[in-house]
Amino acid sequence: MTNRVLVADDDEPIRKLVAKVLQRNGFIVDAAVDGQDAIERLQVDRFDACVLDLMMPRVDGVGVLRFMQEHDPPMLARTIVVTAYPRTAKATDLSAVCEVISKPFEVDTLVNAVRSCVEKGRAASDAR
């Protein structure tokens with residue numbers, strides 16, 4: 001089974017790096033350039049996990065999380081928030097997300113987090 005991951009980060013080099021690393025680890029990756037782009041993709045496609053930056057233009061990561069809460073609450077538990085601003089992350093209620101990772105991050109840490117979130121999401125949907 002191939003897992004689809006949405007990577008939403010306005011920093012192009014990071015977005016491309018994350019996408020490439022996840023693809024090398026067997027994931028199908030869609031990339032969003034900002035929060036609005038992420039929301040538009042979430043409205044059309046189903047993803048097994050989401051790697052979400054908090055600080056983005058147009059709609060920030062918190063706005064994307066609010067969209068998920070309203071339209072697809074189970075997606076929150078399959079979302080990894082990646083941020084260079086840990087204070088912002090601490091000021092935001094991220095208790096529903098799968099994991100929070102600070103930038104810079106170890107590539108293995110991110111890949112393992114995505115795998116873990118996909119598995120948790122699969123287990124939750126199997127339990128329904």
Side-chain angles (χ1 to χ4, degrees):
M1 173 183 248
T2 306
N3 295 303
R4 292 189 67 205
V5 180
L6 176 63
V7 175
D9 197 316
D10 63 311
D11 185 329
E12 184 178 10
I14 290 179
R15 186 176 62 246
K16 285 183 174 182
L17 170 73
V18 170
K20 184 175 283 189
V21 165
L22 292 175
Q23 286 167 342
R24 285 186 179 159
N25 281 275
F27 295 96
I28 295 173
V29 178
D30 282 13
V33 299
D34 61 27
Q36 183 62 41
D37 190 17
I39 288 171
E40 289 168 8
R41 291 170 190 272
L42 288 164
Q43 288 174 319
V44 175
D45 292 314
R46 186 195 174 288
F47 297 94
D48 299 293
C50 177
V51 177
L52 179 67
D53 185 25
L54 272 187
M55 305 297 280
M56 294 184 289
R58 295 204 297 163
V59 176
D60 64 6
V62 174
V64 177
L65 293 172
R66 279 192 202 110
F67 172 84
M68 288 177 187
Q69 180 64 46
E70 245 180 73
H71 300 278
D72 187 5
M75 190 69 213
L76 288 168
R78 300 191 312 269
T79 298
I80 298 107
V81 170
V82 181
T83 182
Y85 303 96
R87 279 194 209 129
T88 303
K90 285 184 178 148
T92 305
D93 179 14
L94 300 175
S95 59
V97 302
C98 183
E99 197 156 335
V100 179
I101 299 175
S102 293
K103 292 179 185 177
F105 52 83
E106 294 290 325
V107 170
D108 289 344
T109 300
L110 180 70
V111 171
N112 290 334
V114 171
R115 283 189 182 126
S116 173
C117 292
V118 166
E119 288 305 314
K120 285 179 191 172
R122 186 170 292 126
S125 68
D126 288 348
R128 282 188 229 142

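Note that these values count all heavy atoms, side chains included, but never hydrogens, waters or copies made by symmetry.
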- Side-chain donor or acceptor of D48 paired with backbone N/O of V5 under 3.5 Å: no

- Query: What distance do E40 atom CD and D34 atom CG have between them, rounded to the nearest 0.5 Å?
  - Reply: 8.0 Å

- Message: So which atom in K103 and which in D9 form the shortest heavy-atom distance, rounded to 0.1 Å?
- Response: NZ-OD2, 2.9 Å

- Message: Count I, L, V, M, F, W, Y as connected when their side-chain heavy atoms are under 4.5 Å apart, and connections chain through other members. Are I39 and V33 then in the same cluster?
- Response: no

- Query: Do I80 and F27 belong together in a cluster built from hydrophobic side chains that touch within less than 4.5 Å?
  - Reply: yes

- Do V100 and I14 belong to the same hydrophobic cluster, where Ile, Leu, Val, Met, Phe, Trp and Tyr are linked whenever their side-chain heavy atoms lie under 4.5 Å apart, directly or via other members? no

- Message: Would a single hydrophobic cluster contain both L65 and I101, if residues Ile, Leu, Val, Met, Phe, Trp and Tyr are joined by side-chain heavy-atom contacts under 4.5 Å?
- Response: no

- Item | Short N-O contact, R58 and D60, less than 4.0 angstrom | no

- When F47 is tested against each of V29, V7, I28, L42 for side-chain contact (heavy atoms from CB on, under 4.5 Å), which residue passes? L42

- Query: Excluding sequence neighbours, so at least two apart, what forms side-chain hydrogen bond (donor to acceptor under 3.5 Å, both in side chains) with Q69?
  - Reply: none

- R41 with D37: basic N within carboxylate O range, under 4.0 Å: yes

- CE-OG1 distance between M56 and T83, expressed to the nearest 0.5 angstrom: 10.0 Å

- Query: Atom CE in M75, atom CZ in R46: separation rounded to 0.5 Å?
  - Reply: 7.5 Å

- Query: What are the two closest heavy atoms between M68 and C50, and how far apart are they?
  - Reply: CE-SG, 3.9 Å

- Only one of L17, N25, V82 clears side-chain contact (heavy atoms from CB on, under 4.5 Å) with L110; which? V82

- Which heavy atom in V97 sits nearest to a heavy atom in T79, and how many Å separate them? CB-O, 3.5 Å

- Query: Got a second to check how far K120's NZ is from E99's CD, nearest 0.5 Å?
  - Reply: 6.5 Å

- Message: Looking at E106, I'd like to know if its CD atom is crowded, meaning that more than 12 non-hydrogen atoms belonging to other residues, nucleotides or ligands lie closer than 6.0 Å.
- Response: no

- Return the minimal non-hydrogen interatomic distance between V114 and A49, and the atom names on each side. CG1-CB, 4.2 Å

- Query: Are V59 and V62 in one and the same hydrophobic cluster, where Ile, Leu, Val, Met, Phe, Trp and Tyr link if side-chain heavy atoms are under 4.5 Å apart?
  - Reply: yes

- Message: Testing the basics here: between A38 and L6, what is the closest heavy-atom pair and its distance to 0.1 Å?
- Response: O-CD2, 3.9 Å

- Query: What are the two closest non-hydrogen atoms of C98 and A77, and how far apart are they?
  - Reply: CB-O, 3.2 Å

